Amino acid sequence: MRKILKHMSIAAAVFSLMFVLTGCGGSKGELRILSGSENQELEAILEKCEKETGVDIQMTYQGSVDIMRTLKEGGGGYDAVWPASSIWISMGDEQHKVKYAESISTTPVVFGIRKSLAEELGFTQKDVSVKDILAAIDEGKLKFCMTSATQSNSGASAYIGFLNAFLDKEGVITQEDLEDQQMQDELRKFFSGVERSSGSSDWLKEMFLESDYDAMVNYECLIISANKTLTERGEEPLYVVYPYDGLSIADSPLGYLDHGDQEKEEAFLAVQEYLLSEEAQSDIEATGRRTGYGGVSEENKEVFNSDWGIDVDRILSPIPMPDAPVLLAALNLYQTELRKPSLTVYCLDYSGSMYGEGMEQLLDAMYLILDQEEAGQYLLQASSREVDAAVLFDDTVLDMKEVKEPTSEDLMKLYDWISDYPMGGGTDIYNAAIEGLNILRQYDLSEYTPAIILMTDGQSNGMSDFDDFKAAYDAAGLDVPVFSIMFGNAEESQLEELAEYSNGRVFDGRDDLVGAFRSVKGYN
């Protein structure tokens with residue numbers, strides 16, 4: 001499987017130097033860990049772990065769905081797996097390779113709401129249910145940002161919690177429960193409150209800090225991190241709301257992938273033992289994570305600021321998670337029926353430089369999204385209520401086509417049209433993005449999760465420039481992100497300008513265009 005996120009050796013050179021200088025008991029070899037991206041915040045702790053254990057820790061960061069798929073394939077070349085939640089091991093470990101899985105930390109998935117709004121809604125004075133939050137959404141008083149339930153653990157965990165609340169379940173959710181029409185209707189209303197989506201919990205936090213939104217669903221530890229930044233800037237913090245009838249918890253399990261190597265197993269157990277030690281657990285707690293299901297240590301209590309609604313005395317009672325087949329069915333239901341529908345404009349570069357490999361990559365990426373069997377492997381299927389538009393451009397807009405409320409056949413017809421279209425001349429990304437804005441202005445965007453996805457391999461050299469895009473964006477008055485995927489000789493600075501102005505993001509597709517395209521689709 002291709003890697004779509006950052007791969008990094010944690011201070012391998014530092015450890016080597018320490019080993020030479022200190023003569024500590026000899027290297028115990030290398031341990032390759034496949035991890036959720038949220039653990040990047042623990043790198044300083046992992047450096048200490050390397051020093052104490054003599055194990056060279058190599059971290060590869062991937063999204064939750066990719067971790068699940070890697071486990072389905074037997075774990076690849078990894079020695080250990082460390083996702084945000086046990087649900088991804090449950091759904092992925094069909095070959096039963098994972099041993100010794102232990103929770104390293106916990107963090108509940110919560111609502112962070114601007115404190116003044118939380119007070120206005122009455123959420124600071126009582127225990128809040130998911131149905132209380134739905135009432136605020138129904139009354140037009142609350143909108144929120146959230147990660148995709150099919151691409152990010154925080155979104156998936158929150159969704160299962162909401163599902164549980166609307167079913168009013170005391171036991172585990174079953175396949176039959178997923179067919180409950182009242183539950184489905186309530187969840188559609190609930191997700192109508194989603195203002196912006198993301199494929200990454202950490203990027204959701206960063207986007208929130210750069211914008212003017214009222215609330216987000218995220219890990220408690222990331223709300224704490226956001227509040228530190230907000231208070232340093234003299235801005236209003238978020239108030240943490242724990243929905244008592246739908247609280248889910250990320251349990252951060254670290255498990256060994258058994259490939260029959262005793263030395264690897266011993267290295268894993270040494271690393272796990274250190275991370276569960278009193279010293280490491282205190283260091284982890286200082287990052288805003290909990291190390292159990294109730295209370296925090298006195299030395300770290302100030303990290304969990306009660307003025308922000310954080311309740312360390314609350315005993316966290318997570319909802320029971322369903323079995324793997326039901327979880328997967330629930331995620332598919334979210335993707336195809338329950339989520340706020342996407343409205344996506346694909347701006348596709350058909351300039352002459354795309355001839356050959358560039359166009360082959362672009363068509364591979366579009367096939368992955370538009371062929372529903374292929375998209376289903378990555379939980380990226382279309383919704384029956386969405387809108388897909390393609391703008392084909394060189395230094396002009398060559399042509400465009402829209403598909404509303406598409407069937408699988410409609411999407412494949414769109415793919416055939418894209419794949420048969422002839423290439424043109426130069427490159428004008430700004431003109432294409434402006435055409436995307438013109439398409440979006442025809443819709444009531446409150447009913448959709450809109451985005452412009454720009455794919456280009458070159459530098460814009462047409463008649464339009466960034467100032468033209470800014471003028472069009474401001475005139476449209478839309479809150480629409482421009483996500484760009486660069487490959488070939490694309491000019492990164494031009495794409496970064498578009499992303500920064502629209503609160504979007506640039507993805508690097510030079511090594512793996514299809515992988516980058518999958519990542520960007522997780523954001524709408």
Side-chain angles (χ1 to χ4, degrees), residues 5 33-42 59-72 75 78 80-94 97-111 146-165 172-173 198-205 217-223 242-243 246-257 272 275-276 284 287-293 316-332 334-335 379 522:
L5 289 177
I33 301 178
L34 177 60
S35 169
S37 58
E38 67 284 341
N39 288 327
Q40 290 180 69
E41 292 188 354
L42 303 181
M59 298 288 280
T60 298
Y61 298 110
Q62 288 187 357
S64 297
V65 171
D66 281 320
I67 290 174
M68 177 186 74
R69 285 178 56 81
T70 300
L71 288 175
K72 281 179 179 287
Y78 299 104
V81 62
W82 194 0
S85 172
S86 296
I87 65 174
W88 304 104
I89 295 178
S90 172
M91 288 192 291
D93 187 28
E94 295 174 347
K97 293 277 188 180
V98 179
K99 294 170 57 177
Y100 309 126
E102 293 276 356
S103 172
I104 301 300
S105 65
T106 60
T107 189
V109 180
V110 299
F111 268 81
M146 177 178 160
T147 61
S148 165
T150 55
Q151 301 302 311
S152 170
N153 178 70
S154 65
S157 298
Y159 162 56
I160 297 300
F162 304 153
L163 212 167
N164 191 83
V172 177
I173 295 168
S198 167
S200 158
S201 304
D202 195 59
W203 190 83
L204 183 76
K205 181 199 75 172
V217 176
N218 215 325
Y219 299 124
E220 180 188 62
C221 63
L222 291 183
I223 303 293
Y242 305 85
L247 186 67
S248 55
I249 295 177
D251 59 344
S252 188
L254 174 62
Y256 174 62
L257 278 165
Q272 187 183 66
L275 292 174
L276 291 172
I284 290 169
T287 69
R289 291 164 167 80
R290 304 190 187 213
T291 54
Y293 290 89
L316 300 179
S317 300
I319 58 154
M321 283 292 170
D323 294 337
V326 179
L327 272 171
L328 193 56
L331 293 176
N332 278 300
Y334 166 87
Q335 183 68 18
L379 296 174

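We number each residue from 1, following the sequence as shown. Nothing here was measured: the structure is a model prediction, and the numbers come from that model. Computation of the quantities below employed the complete heavy-atom set of this structure, encompassing side-chain atoms and omitting hydrogens, waters and symmetry-equivalent molecules.
Looking only at distances, a side-chain donor or acceptor of Tyr159 sits under 3.5 Å from a matching main-chain atom of Ala330. Judged by distance alone, the side chain of Thr107 and the main-chain N or O of Cys221 form a donor-acceptor pair under 3.5 Å.
Counting all heavy atoms, side chain and backbone alike, Ile160 lies closest to Pro322 at CG2-CD, 4.0 Å. Closest approach of Ser152 to Ser201, counting heavy atoms only: OG-OG, 3.2 Å. Here the closest heavy-atom approach between residue Met91 and residue Met68 is recorded as CB-SD, 3.7 Å. Across all non-hydrogen atoms, the minimal contact from Gln272 to Ala101 is NE2-C, 4.4 Å. When all heavy atoms are compared, the tightest approach of Ser148 to Tyr334 is CA-OH, 4.1 Å. Contact detail for Gln151 and Gly522: the closest heavy-atom pair is CG-CA, 3.6 Å.
Using a 4.5 Å heavy-atom threshold, the side chains of Ser248 and Met321 count as touching. Residues Leu331 and Gln335 form no side-chain contact, since every pair of their non-hydrogen atoms from C-beta on lies 4.5 Å or further apart. Annotation: side chain of Ile33 is not in contact with side chain of Tyr78 (no heavy-atom distance under 4.5 Å). Considering only heavy atoms from C-beta on, Met59 comes within 4.5 Å of Trp82 through its side chain. Residues Leu328 and Leu379 meet the side-chain proximity criterion, which asks for heavy atoms closer than 4.5 Å.
No hydrogens or angles considered: nothing links the side chains of Glu41 and Thr287 as a donor-acceptor pair under 3.5 Å. Remark: the Ser198 side chain and the Ser200 side chain contain no N/O donor-acceptor pair separated by less than 3.5 Å. Side-chain N/O atoms of Thr147 and Ser154 include a donor and acceptor closer than 3.5 Å. Judged purely by distance below 3.5 Å, without hydrogens or angles, the side chains of Ser64 and Asn153 never pair a donor atom with an acceptor atom.
Ile104 contributes atom CD1, which lies 9.5 Å from atom CG of Leu42 (distance to the nearest 0.5 angstrom). Between Ile67 atom CD1 and Lys72 atom NZ the span is 14.0 Å, to the nearest 0.5 Å. In this structure, Leu254 CG and Ile89 CD1 are separated by 8.5 Å, a value rounded to the nearest 0.5 Å. Separating the CG atom in Asn218 from the CE atom in Met146 is a distance of 10.5 Å, to the nearest 0.5 Å. Considering CD of Glu220 and OG1 of Thr106, their distance stands at 8.5 Å, rounded to 0.5 Å. Between the CG atom of Leu247 and the CD1 atom of Ile319 there is a distance of 8.5 Å, given to the nearest 0.5 Å.
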Verdict with supporting geometry, Tyr219 and Val109, side chain to side chain contact (heavy atoms under 4.5 Å, CB included): CA-CA 4 Å; Tyr219 299 124; Val109 180; 3.9 Å; yes

Test side chain to side chain contact (heavy atoms under 4.5 Å, CB included) applied to Lys97 and Leu71, step by step: CA-CA 8 Å; Lys97 293 277 188 180; Leu71 288 175; over 6 Å; no

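Across Ser105, Ser103, Ser157, Pro83, a single residue satisfies side chain to side chain contact (heavy atoms under 4.5 Å, CB included) together with Asp251, and that is Ser103.
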